[in-house]
S.K.: 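Pasting in a structure now, in C-alpha cells, and then I'll have a few things to ask.
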Amino acid sequence: MVAFFDPGQMTARLDIEAPQPFADGQGGATLIWQVLASVWARIEPVSFVVAEDEAAAQTGTISHRIWLRFRDDVVAGQRLRKGMRVFTIKLVRDPDETRRYLVCQCEEDAR
C-alpha cells in the first residue's frame with residue numbers, strides 16, 4: 001500500500017544534526033552536534049508525558065512523528081532542530097518502502 005502524503009504540508013524548516021566527538025585535549029571527548037543539512041518537514045505531535053522534578057516545576061517529554069523527504073543519511077541517534085526546539089530521533093522508517101518519504105519517531109524535552 002502506498003502512503004498518501006501531501007508534500008505541501010512540509011512547512012517546518014529543520015536542521016538534521018549528527019553527534020561528533022571533539023577531543024578535549026586531555027584524552028577525553030566532548031560531544032558536539034554538526035549540522036548535516038536543512039530540510040523541509042512536517043511535525044505531528046503524537047503524545048506527551050508530564051513529570052515533576054525536584055524543584056516542583058513540571059517538565060515532560062513530547063513524542064512527535066516528523067515526515068521528511070527520503071534521505072539515506074538519517075538514522076536513530078541523530079536529532080532535528082527547529083530554533084531552540086530539539087527532537088531526538090528514536091526510529092526512522094520508510095512508510096511504504098518507495099524511498100519517497102521518511103517518518104522519524106522523535107522525542108522533545110519540554111521544559
S.K.: Where do Leu14 and Phe87 come nearest, in terms of heavy atoms and distance?
M.R.: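 Result for this residue pair: CD2-CE1, 4.4 Å.
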
S.K.: Could you tell me which non-hydrogen atom of Thr98 sits nearest to which non-hydrogen atom of Arg100, and how far apart they are?
M.R.: OG1-NE, 3.0 Å

S.K.: Is there side-chain contact between Cys106 and Leu80, with heavy atoms separated by less than 4.5 Å?
M.R.: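 Of all side-chain heavy-atom pairs linking Leu80 with Cys106, at least one is under 4.5 Å.
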
S.K.: On a heavy-atom basis, which atom in Ala76 and which in Leu91 lie closest, and how many Å separate them?
M.R.: CB-N, 4.4 Å

S.K.: Can you tell me if Asp15 and Ser38 form a side-chain donor-acceptor pair at under 3.5 Å?
M.R.: yes

S.K.: Any non-hydrogen side-chain atom of Tyr101 less than 4.5 Å from a side-chain atom of Met10?
M.R.: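 The answer is yes; the side chains approach within 4.5 Å.
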
S.K.: Please determine whether residues Ile66 and Ile16 belong to a single hydrophobic cluster, defined as Ile, Leu, Val, Met, Phe, Trp and Tyr linked transitively by side-chain heavy-atom distances below 4.5 Å.
M.R.: yes

S.K.: Any side-chain to backbone donor/acceptor pair from Ser63 onto Ser47? Under 3.5 Å, distance only.
M.R.: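 It does hold such a pair.
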
S.K.: Considering all heavy atoms of both residues, which atom of Arg65 and which atom of Val103 are nearest to each other, and what is their separation?
M.R.: CG-CG1, 3.2 Å

S.K.: What distance do Arg69 atom CZ and Leu102 atom CG have between them, rounded to the nearest 0.5 Å?
M.R.: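 Reported value, rounded in 0.5 Å steps: 11.5 Å.
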
S.K.: Regarding His64 and Glu44, do their side chains bring together a donor and an acceptor under 3.5 Å, going by distance alone?
M.R.: no

S.K.: Without swapping roles, check the side chain of Arg71 against the backbone of Asp73 for a donor-acceptor pair under 3.5 Å.
M.R.: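 Not a single qualifying donor-acceptor pair exists.
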
S.K.: Does Arg85 reach the side chain of Glu108, with side-chain heavy atoms less than 4.5 Å apart?
M.R.: yes

S.K.: Going through the checks in order, is the side chain to side chain contact (heavy atoms under 4.5 Å, CB included) test met by Arg99 and Asp72?
M.R.: CA-CA 9 Å; Arg99 298 176 64 92; Asp72 285 324; 3.2 Å; yes

S.K.: Is there side-chain contact between Lys90 and Glu107, with heavy atoms separated by less than 4.5 Å?
M.R.: yes

S.K.: Side-chain heavy atoms nearer than 4.5 Å, only ILVMFWY residues, links allowed to pass through others: does that put Leu68 and Trp40 together?
M.R.: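 They do not share one cluster, since no chain of ILVMFWY contacts under 4.5 Å joins Leu68 to Trp40.
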
S.K.: Is Pro21 close to Thr30 at the side-chain level, that is, under 4.5 Å between some pair of heavy atoms?
M.R.: no

S.K.: Counting only heavy atoms from other residues, nucleotides and ligands, does the tally under 6.0 Å from CZ of Phe70 exceed 12?
M.R.: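 Enclosed.
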
S.K.: Are Trp67 and Ile43 joined in one hydrophobic group, where the rule is that I, L, V, M, F, W and Y side chains link up if heavy atoms are under 4.5 Å apart?
M.R.: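 Trp67 and Ile43: separate clusters.
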
S.K.: Establish whether Val86 and Trp33 are linked, either directly or via other cluster members, by ILVMFWY side-chain heavy-atom contacts under 4.5 Å.
M.R.: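 Result: no, two separate clusters.
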
S.K.: As an exercise, state the distance from CD1 of Ile89 to CZ of Arg79, rounded to the nearest 0.5 Å.
M.R.: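 Atom-to-atom, Ile89:CD1 and Arg79:CZ are 10.5 Å apart.
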
S.K.: Determine the minimum heavy-atom distance between Gln78 and Glu17, stating which atoms define it.
M.R.: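 Taking Gln78 first and Glu17 second, the nearest heavy atoms are CB-O, 3.2 Å.
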
